[in-house]
Visitor: 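Please find one structure pasted underneath; my questions will follow.
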Amino acid sequence: MRPREIVPGIYEVGAVDWDRRLFDSLIPLPDGTSYNSYLIKGSEKTVLVDSVDPTMESILLNNLSQLELASIDYVICHHAEQDHAGTIPKILEMYPEAKVITSPKCKGMLEDLLNIEPERFITVADKETISLGDRTLEFIHTPWVHWPETMVTYLKEDNILFSCDFFGSHLATTDQYWHDAEHVFEGAKRYFAEIMMPFRNIIAKNLTKLKDYQIDYIAPSHGPLYDCPGCILEAYDRWVLDEPKNIVVLPYVSMHGSTRIMVEHLVIALSQRGVTVKQFDLTVTDIGKLAEALVDAATIVIGTPTILAGPHPAVAYAAILANALRPTTKFASIIGSYGWGGKTVETIAAAIPNLKVEILDPVLCKGLPKQADLEALDALANAIAQKHKEAGFK
Ligand code: FEO
């Protein structure tokens, strides 16, 4: 399948990882992923754009061997994370004349993470260019996508943006380009939620910076390429800038059924009031689906029983995760059942300081929910629907 040509003289040489199911020991990968690496032949210089995860080193090397290269002059490192940088030491060993082109901050990180010697680097300033003879590379610093050192590369003569994690999707596929739009869009949105959402504001600035460029192709380092870059650029504009929608995300755990009764009652009550609800049983849910749902949610309602005086640990984990992902969510509440007391509400509220939310009155009941508890849930549904309406969320 690779090497695979994009345009004459530019090849995909990376690896598809069909079987990987967890990234960073944190992120589920239901559809696998890929580590895209690219080889650019200029009339005078040859460049490798990023490498692959070290577990896929042999695939990259085999793909390069098929191109019968006399040398590699430069290795561009957009991002120091090991899924892209991890095979660079091997490339430098095989091509002793090769230099790593990277941002000053990434140089330090590569020295720390991969023990690459300082003399192997060429650091580039924002918008600096390097000629390959008949082709010109421009390096654009795009910090915090999603580490502080990240940059992208624009290939001027071919209008290709090599974007590394930016615009990526964890998707193993034989498709070279975004053809199965719905599938890829879901993958890209999920990827945005898990990786990019915490840096939404600075990513908006990076998107503005890219508007100066005529981009015909986006070649990310995960998932398929885009030969219709407008579709993913517009999606990112929406995800970073838009107001949330008339949606409640409701992650919950129920141990003996009481909290579940409350969740089901609230879901129906919200639905009857025209609010869309996305309900997630945290004992079985894919946490990536929850993250994706948070991109658009105006409200998060957390459902939990009280266990050992606090929330269920799976709920505490979800609250910490939501706090770290920093969605644009505006309102929050807590519902659940307890046996004899505890500090569930205080514990969850303390876990989500990054969410700039208005806390709506929680509904906690003792044991099975009674009529008064169900009426309190109706009141919560009223409050949420009213808040969404007043804010104009659609
Ligand atoms: Fe795909 Fe942040 O590495």
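Values reported hereafter were calculated over all heavy atoms of this structure, with side chains retained and with hydrogens, waters and symmetry mates removed. For ligands, and for the atoms within them, numbers begin at 1 and follow the listed sequence.
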Visitor: Using a strict 4.0 Å threshold on nitrogen-to-oxygen distance, state whether D83 and R20 make a salt bridge.
Guide: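 No.
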
Visitor: Are the ring centres of F167 and F192 closer than 6.0 Å?
Guide: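 No - the distance between ring centres of F167 and F192 does not fall below the 6.0 Å cut-off.
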
Visitor: Are K211 and D237 within salt-bridge range, i.e. N to O under 4.0 Å?
Guide: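 Looking at K211 and D237, the cut-off is met.
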
Visitor: What's the verdict on ring pair (Phe, Tyr, Trp, His ring centres under 6.0 Å) for Y154 and F139, showing C-alpha distance, side-chain angles and the deciding distance?
Guide: CA-CA 6 Å; Y154 181 65; F139 306 100; over 10 Å; no

Visitor: Protein N, O or S atoms less than 2.8 Å from atom 1 (Fe) of ligand 1, ignoring waters?
Guide: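 Protein N, O or S atoms closer than 2.8 Å to atom 1 (Fe) of ligand 1: D83 OD2, H84 NE2, D165 OD1, H222 NE2.
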
Visitor: Transitively linked via ILVMFWY side-chain contacts under 4.5 Å: L137 with V49?
Guide: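 L137 and V49: one cluster.
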
Visitor: In this structure, which one of D165, T142, T150 forms a side chain to side chain donor-acceptor pair (under 3.5 Å) with H79?
Guide: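 Checked D165, T142, T150 against H79; only one passes side chain to side chain donor-acceptor pair (under 3.5 Å): D165.
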
